[in-house]
Amino acid sequence: MSKKPSIPKGTRDFNPEEVTRRNYIFNVIKETFALYGFQPIETPSFENSETLMGKYGEEGDRLIFKILNSGDFLSKVDDKLYSEKDSNKITTKISEKALRYDLTVPFARYVVQHQNQITFPFKRYQIQPVWRADRPQKGRFREFFQCDADVVGSTSLWQEVEFVQLYDAVFTKLGLKDVTIKINNRKILSGIAETIGAEDKLIDFTVALDKLDKIGEDGVKKEMREKSISEDALQKLQPLFSFKGSNDEKLNALSEMLKTSELGMKGVEELEFIAKTIEKLGLQTASLQIDVTLARGLNYYTGAIFEVSAPAEVNMGSIGGGGRYDDLTGIFGMPNISGVGISFGLDRIYLVLEELNLFPKTVSENSKALFINFGNKEALYAMEAITNLRNAGIKAELYPDDTKMGKQMGYADKRNIPFTVLAGEKEMEAQQYTLKDMKSGAQSSVSYSELEKMLAQ
RNA sequence: GUGGUUGUAGCUCAGCUGGUUAGAGCGCCUGAUUGUGGUUCAGGAGGUCGCCGGUUCGAACCCGGUCUUCCACCCCA
């Protein structure tokens, strides 16, 4: 019992059914990405630490898995440093590589590194696992997949419009109706902070505001006070707490509130273009909703911010997110390249589809027929038929051992293989096969061509 | 990183205020059925009670530590 092997906290094994279902989601997303003109790239599982560290804030650094150097890594740590016991300092000496934390920063690195080979605007998608040294909880793992699509090298708002459509297309194909695509704009948040005189506390302000639907108006105010945002500022913020109505009404209210802020008004204009355009083009099943409290933690967003919420009844938080970042590649020394991207949270989408029972009855990847093994002579006869069936594209297999028939039948039963084929001495003499339908129990003696015909259905 | 929670047979779980050989259902194996699975019947195997230490005459049960599960917070997909 204690010796039973296990996997690390927050990681998972996937059984055949789970892999099939995950591939189904992957395929829908990939097809749609391709349909919208995105091309796949892949980057390594681990990067140089300096590529990742400091890109996700202090909290992010803590959650990055560091890889220990090879060899006698401790010999490079002098006694003084060692005795200080400062983990952060020592880490830089004993670890120079780290596991990928998301796909966006490695993508930025990729763009800067390969800028001479890339034709801009560059539209790429990437589906790979990422790792976070987080504590697992519902829908949160330490190893999980991200599915990202990004465009760099264009500031056009048409990209944002397309991403909204892309979200709608994917979730419609997956049968997940009524997802809400929430949209906001970092410029609006900055504008509000400016208007209420708290521009120096933009991050604290947005993080608190983001929690509105979770901790309520009083909770948000309490947190803002704790971050020493003034009462005067809170007073000016009051309209935000009762922000309701259609996207149009919200836009009007925002223009009124932000008329003194040039940056804020720019944000309103951007939001208005996206919302109005989507309104004209229409969406299939999703709805686009302006949400001024949407902030998202990532510091690098500068324009639009997206977040997709699962239908309310499943209580799963966000199943996707994204936004525009004007200066992502700037951190790698390539300024003034604007990017915008979105991400799908595969693992959470899986949980949602499962909870709502939305996985289609997938085409079985199972064998169509199991040939019973009666011994080497008979098995050869069976194998000839199996080879022909496989050449005809029909999944078939031979039970490898000539054990008791009951066991072989039981195996077919447990694996849900719909047909068994009996080919023993009698059948060989007659050049026939006994085909048994495992569901009905009916069996008939058939020739090879009849066998192939019946299994082909 | 903080707080709580969970761990007993392959799986899902019982196990009383600490008391002798720790149970059930399902699954598994064998046989009834030597060319027939899914049903039925009879029998059988399988657990140092997560791990380490402590209290006690005695620990699955109490205490401490550790790992794990799940949940919330921080943060995030």
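Below, read A as the first sequence line, B as the second, and so on, with proteins coming before strands; counting in each chain starts at 1. On a predicted model such as this, the values are computed, not experimentally measured, just so you know.
- For a distance-only test at 3.5 Å, the side chain of A:R140 qualifies as a donor-acceptor partner of the base of B:C75.
- Ion pairing between A:K407 and A:D401 fails under the 4.0 Å rule for side-chain N and carboxylate O.
- Listed pair A:K214 / B:C73 meets the phosphate criterion, a side-chain N or O lying under 4.0 Å from OP1 or OP2.
- Using atom C1' as the reference point in both B:A59 and B:C16, the two lie 15 Å apart (nearest Å).
- B:C26 is paired with B:G10 under the Watson-Crick or G-U wobble criterion, all donor-acceptor distances under 3.5 Å.
- Dashed line: the shortest gap from a side-chain N or O of A:K211 to OP1 or OP2 of B:C74 is under 4.0 Å.
- Taking atom P on both nucleotides, B:U55 is separated from B:A22 by 25 Å, rounded to a whole Å.
- When heavy atoms are screened at a 4.0 angstrom cut-off, A:S343 is found touching no nucleic acid atom at all.
- Under the stacking definition used here (centres under 5.5 Å, planes under 30°), the residue A:Y411 fails to qualify as stacked on the base of B:G37.
- Between A:D102 and A:R132, the closest side-chain pair of non-hydrogen atoms falls below 4.5 Å.
- Contact annotation for A:G320: backbone-only contact, meaning every heavy-atom pair under 4.0 Å involves sugar-phosphate atoms and none involves a base.
- Taking the ring centroids of A:Y411 and A:Y399, they lie under the 6.0 Å cut-off.
- Going from atom CG of A:D347 over to atom P of B:A77 covers 13 Å, rounded to whole Å.
- B:C41 is paired with B:G31 under the Watson-Crick or G-U wobble criterion, all donor-acceptor distances under 3.5 Å.
- Rounded to an integer number of Å, the gap from A:Q128 CD to B:A77 P is 17 Å.
- The shortest distance between side-chain heavy atoms of A:Y36 and A:F163 does not fall below 4.5 Å.
- Aromatic ring centres of A:Y381 and A:Y433 lie closer together than 6.0 Å.
- Using a 4.0 Å cut-off, some side-chain N or O of A:K414 falls inside it from OP1 or OP2 of B:C28.
- Under 4.0 angstrom from either OP1 or OP2 of B:A72 there lies at least one side-chain N or O belonging to A:Q137.
- Between the P atoms of B:G58 and B:U21, the separation comes to 14 Å (whole Å).
- Under 3.5 Å, the side chain of A:E378 and the base of B:G35 form no donor-acceptor pair of N or O atoms.
- Between the NZ atom of A:K404 and the C1' atom of B:C29 there is a distance of 10 Å, given to the nearest Å.
- As a whole-Å value, the separation of A:L351 CG from B:C70 P is 11 Å.
- Rounded to the nearest Å, the gap between the P atom of B:C61 and that of B:A72 is 30 Å.
- The aromatic ring centres of A:F344 and A:F145 sit 6.0 Å or more apart.
- Scanning atom types as modelled, one donor and one acceptor separated by under 3.5 angstrom connect the side chain of A:K436 and the base of B:U36.
- Side chain A:D413 to base B:G37: a donor-acceptor pair is found below 3.5 Å.
- Among the heavy atoms of the strands, none lies under 4.0 Å from A:F344.
- Looking at heavy-atom distances under 4.0 Å, A:G375 makes no contact with the nucleic acid at all.
- Between A:Y56 atom OH and B:C76 atom P the separation is 12 Å, expressed in whole Å.
- Nucleotide B:G1: paired with B:C73 (Watson-Crick or G-U wobble, both distances less than 3.5 Å).
- Residue A:K138 places no side-chain N or O under 4.0 Å from the OP1 or OP2 atom of B:C71.
- Across the strands present, B:C62 finds its partner in B:G54; the criterion is a Watson-Crick or G-U wobble pair with both atom distances under 3.5 angstrom.
- A:G321 comes within contact range of no nucleotide atom at all, as no heavy-atom separation falls under 4.0 Å.
- Between A:Y125 and A:F33, the distance from one ring center to the other falls under 6.0 angstrom.
- On the C1' atoms, B:C13 is 34 Å away from B:A77, given to the nearest whole Å.
- Between B:G44 and B:C51, the distance separating the two P atoms is 28 Å to the nearest Å.
- In terms of polar N and O atoms assigned as donor or acceptor, the side chain of A:Q443 comes within less than 3.5 Å of the base of B:U36 in a complementary pairing.
- Between B:G7 and B:A60, the two C1' atoms lie 11 Å apart (nearest whole Å).
- Remark: the separation of the P atoms in B:U20 and B:G4 is 33 Å, to the nearest Å.
- Taking atom CZ of residue A:R135 and atom C1' of nucleotide B:U5, one finds them 12 Å apart after rounding to whole Å.
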